[in-house]
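Structure record follows, encoded as structure tokens.
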Amino acid sequence: MDLCDIKNPIDISGLSEKECQKLAAEIRETIIHTVSENGGHLSSNLGAVDMTIALHRAFHSPADRIVFDVGHQAYTHKLLTGRYDQFHTLRQYGGISGFPKCCESEHDCFETGHASTGISAALGLARARDLRGETHHVVAVVGDGALTGGMCYEALNDCGNTKTKLIIVINDNEMSITKNVGALSKYLAKLRSSRGWYTAKRKVEKGLHRIPWIGAPIARMLYTLKKAIRTLFVDESFFSTLGFAYMGPINGHDIKAMEQVFRRAQLMDEPVAIHLNTVKGFGYQNAEENPDIFHGTPPFFIDNGLTQEDIKRSYGSIAAELLTEMAEADSRITVVTAAMTLGTATDDFAVKYPHRFFDVGIAEEHAVTLCAGLAKGGMRPYFFVYSTFLQRGYDQVMHDVCIQNLPVVFMLDRAGLANGDGETHQGLFDIAYLRHIPNLRILAPSDTQELSEMVRASIEFDGPCAIRYPKKAVARDPNREAAPFVLGKWNTLQEGKQGAILAVGSMIGIALDAAKTLLGEGLDMEVINASTVKPLDMQVLARLAEAKTPVYTLEEHVLDGGFGSEVLEYNAVHALKLSVCPIAIPSQFVTHGDHKTLLKQTGLDIASVAQVIRISMQHAGTIHER
């Protein structure tokens with residue numbers, strides 16, 4: 001059977017072992033080809049091909065529920081559940097998502113995108129099953145990297161305490177995005193080394209049962225001794241203490257062996273942890289040798305693994321490079337990240353200052369409070385984290401950092417639209433969830449030079465600060481003069497008298513181009529770089545109010561609670577009588593797609609911004625129809 005013929009997981013149930021291996025090879029080829037064209041998560045998906053085939057042969061989706069923690073290893077699942085014909089649209093606007101999406105298929109039982117949520121979600125599904133008197137199986141597929149997140153332990157503790165029947169498959173490839181860190185990683189390594197015990201055990205049991213008359217009684221007698229003997233070879237106490245039966249380690253590329261174990265787990269009436277060993281990037285040499293680079297990759301050439309597009313320097317790499325330079329003279333500077341060393345471009349700092357660099361694993365809550373402790377102890381910590389991931393540490397930002405007014409700097413990478421990763425990764429909410437917290441400053445650079453000025457200034461701040469920036473860096477236009485960054489001061493980039501655009505960070509270029517379009521229509525707009533989102537520049541707002549200048553705020557962020565809302569609130573509280581029109585993303589979750597398309601769909605492209613201002617001015621009687 002060819003991959004294109006598979007419309008439902010039941011279609012692979014009758015395949016022979018050899019046919020399964022052929023199918024796995026075809027799936028890998030399809031994934032490699034598609035990701036090479038569209039970009040996406042490659043290494044994690046290649047390592048999970050055989051496991052996913054075994055899962056769908058042993059379980060019966062959608063009756064049985066399979067939850068993929070994070071979800072960036074679900075490409076094979078999509079291919080086996082009727083989405084082969086749409087797979088070429090992966091991560092493209094209007095195409096299928098790179099993560100599980102319930103609207104795509106009944107086989108996607110829960111939507112995921114952030115790590116360490118899978119066990120909790122699966123436990124909820126299992127308890128709903130029990131409360132409704134149903135009997136289907138619930139499986140959580142969790143990477144070993146996700147087990148560095150605290151939610152996993154909370155869910156494991158809860159599940160084991162109540163003995164809820166749940167099957168947890170631990171996909172152990174010794175990686176999350178980069179190499180795993182922490183005690184649990186070392187613990188799983190210890191379990192991996194125990195494969196010899198399980199091989200010997202199976203051979204002894206099989207041999208005893210072949211001995212007539214006395215074989216079976218001896219096997220039963222030895223059963224009472226085997227747990228004690230096993231502890232000499234295997235320390236599985238972590239899972240057993242939590243109330244889980246443990247099975248493994250098992251070769252995660254042996255489909256037949258995994259099927260057998262999955263079927264054994266189905267017969268048990270207690271929670272089960274199945275430990276698989278897989279190779280991240282399995283089947284594609286470039287990904288096997290560089291699993292971190294190919295974890296999430298832009299389009300690339302299959303033959304050599306080189307990217308197809310010219311990758312510009314990122315804002316994160318510029319900030320990290322500057323901090324590496326500053327750290328030589330300032331021993332207080334420390335850098336923290338949550339399993340995102342390469343993603344946040346902090347790898348060079350980690351090499352040069354290993355004792356001042358802390359990768360805490362997928363544990364954003366811990367990372368924030370760790371920074372608070374570092375700051376309280378006299379250090380100057382910089383937490384490099386994606387905007388969407390800091391959401392997970394909200395309480396710690398407020399409770400542990402801001403209440404004590406500690407000098408922690410949050411470097412918010414991927415702020416704004418996140419392209420192919422979709423809803424769970426859009427950095428569109430950070431201003432809203434941060435700006436109402438007392439003591440916290442929020443900055444947004446318009447170009448690389450301003451980012452550097454902000455980072456240098458932040459070392460002198462006496463309290464917390466967040467610097468938000470997208471991935472791709474924008475260099476300063478050599479023809480544009482700009483005053484140096486000063487906290488709380490905005491700079492006018494283009495003079496104008498009929499209206500003012502207050503643009504935040506990544507929207508500066510859009511604002512200037514929209515103003516240029518409008519100028520050609522006779523509408524003269526001032527463009528202001530609102531680099532300090534909080535605090536506002538009260539002098540500029542007062543000047544605009546006195547001149548009765550219509551104001552348009554522009555931000556790559558949701559409207560609710562964003563920069564525009566902040567200006568409106570200030571206007572109302574201080575009775576400035578400004579005419580304020582916020583231009584931002586409507587209150588909605590934004591799907592996946594390329595940045596240009598998403599800007600247009602959310603009304604933030606040049607034409608849309610110019611049109612909003614044009615119509616507003618017409619209605620206000622500022623200009624007349626031409």
Side-chain angles (χ1 to χ4, degrees), residues 2-13 23 26-28 30-42 44-46 48-49 51-53 55-57 59-115 117-118 120-122 124-125 128 136-143 146 169 171 296 388 417-426 428 588-594 597-598 601-602:
D2 294 328
L3 179 58
C4 61
D5 297 323
I6 297 173
K7 307 301 180 184
N8 191 288
I10 198 171
D11 293 337
I12 67 172
S13 60
L23 175 63
E26 188 177 354
I27 289 173
R28 286 191 172 89
T30 301
I31 290 174
I32 292 169
H33 175 77
T34 303
V35 176
S36 74
E37 294 293 331
N38 298 2
H41 293 94
L42 184 63
S44 53
N45 279 288
L46 292 179
V49 171
M51 173 193 70
T52 309
I53 292 173
L55 279 169
H56 277 299
R57 282 168 61 84
F59 296 93
H60 302 288
S61 177
D64 293 330
R65 312 295 174 82
I66 303 174
V67 178
F68 291 90
D69 191 283
V70 186
H72 58 31
Q73 76 283 49
Y75 291 0
T76 301
H77 167 75
K78 288 176 181 281
L79 288 167
L80 295 179
T81 52
R83 282 169 275 186
Y84 173 83
D85 291 341
Q86 295 83 41
F87 197 70
H88 68 281
T89 70
L90 182 74
R91 291 165 49 90
Q92 304 299 296
Y93 184 76
I96 63 173
S97 170
F99 295 89
K101 293 294 294 181
C102 297
C103 63
E104 285 182 10
S105 171
E106 62 180 345
H107 297 279
D108 293 4
C109 66
F110 197 88
E111 296 185 5
T112 51
H114 289 183
T117 64
S120 297
L125 288 168
H136 58 267
H137 301 288
V138 179
V139 183
V141 181
V142 183
V169 176
N171 177 19
T388 185
L417 295 163
N419 303 347
D421 285 332
E423 294 95 329
T424 57
H425 286 61
Q426 306 289 12
L428 304 177
Q588 64 186 46
F589 292 109
V590 179
T591 186
H592 53 277
D594 65 277
T597 300
L598 294 182
Q601 293 300 318
T602 55

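Everything numeric here is computed off the predicted structure, so don't read it as measured data.
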To the nearest 0.5 angstrom, please state how far the [atom1] atom of [X] sits from the [atom2] atom of [Y].
X: Leu417; Y: Gln426; atom1: CG; atom2: CD; value: 5.5 Å
X: Ile32; Y: Glu37; atom1: CD1; atom2: CD; value: 13.0 Å
X: Asn8; Y: His60; atom1: CG; atom2: NE2; value: 11.5 Å
X: Leu428; Y: Thr602; atom1: CG; atom2: OG1; value: 8.0 Å
X: His88; Y: Ile96; atom1: NE2; atom2: CD1; value: 9.0 Å
X: Thr34; Y: Tyr75; atom1: OG1; atom2: OH; value: 9.5 Å

Are [X] and [Y] close enough that some pair of their side-chain heavy atoms sits under 4.5 Å apart?
X: Leu79; Y: Phe87; answer: yes
X: Asp85; Y: Lys7; answer: yes
X: Ile31; Y: Thr76; answer: yes
X: Thr388; Y: Thr424; answer: no

Non-neighbouring partners of [X] that pass side chain to side chain contact (heavy atoms under 4.5 Å, CB included), sequence neighbours left out:
X: Thr597; result: Tyr93, Asp594, Gln601
X: Glu111; result: Lys101, Cys102
X: Ser13; result: Ile10
X: His56; result: Pro9, Ile12, Thr52, Ser61, Ile66, His77, Leu80, Thr81

Looking only at heavy atoms, what is the nearest atom pair of [X] and [Y], with distance?
X: Gln73; Y: Val70; value: OE1-C, 4.5 Å
X: Val67; Y: Cys109; value: CG2-SG, 3.7 Å
X: Val139; Y: Leu55; value: CG1-CD2, 4.1 Å
X: Leu3; Y: Leu23; value: CD1-CD1, 4.0 Å
X: Gly40; Y: Val35; value: N-CG1, 3.7 Å

Measure from the ring center of Phe99 to the ring center of His41 and say whether it is less than 6.0 Å.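 Centroid separation for Phe99 and His41: below 6.0 Å.
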
When you measure from the side chain of [X] to the backbone of [Y], do you find a donor-acceptor pair of N or O atoms at a distance under 3.5 Å?
X: Lys78; Y: Gly98; result: no
X: Asp69; Y: Gly118; result: yes
X: Glu106; Y: Pro62; result: no

Member of His114, His72, His592 meeting the ring pair (Phe, Tyr, Trp, His ring centres under 6.0 Å) criterion with His425: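 Of His114, His72, His592, ring pair (Phe, Tyr, Trp, His ring centres under 6.0 Å) with His425 is met by His114 alone.
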
Using a cut-off of 6.0 Å, state whether more than 12 heavy atoms not belonging to His33 lie near its atom NE2. no

Residues forming a salt bridge (charged side-chain N to carboxylate O under 4.0 Å, His left out) with Arg65, sequence neighbours excluded: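 Arg65 satisfies salt bridge (charged side-chain N to carboxylate O under 4.0 Å, His left out) with no other residue.
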
Can you list everything that forms a salt bridge (charged side-chain N to carboxylate O under 4.0 Å, His left out) with Asp64? Sequence neighbours excluded, please. none

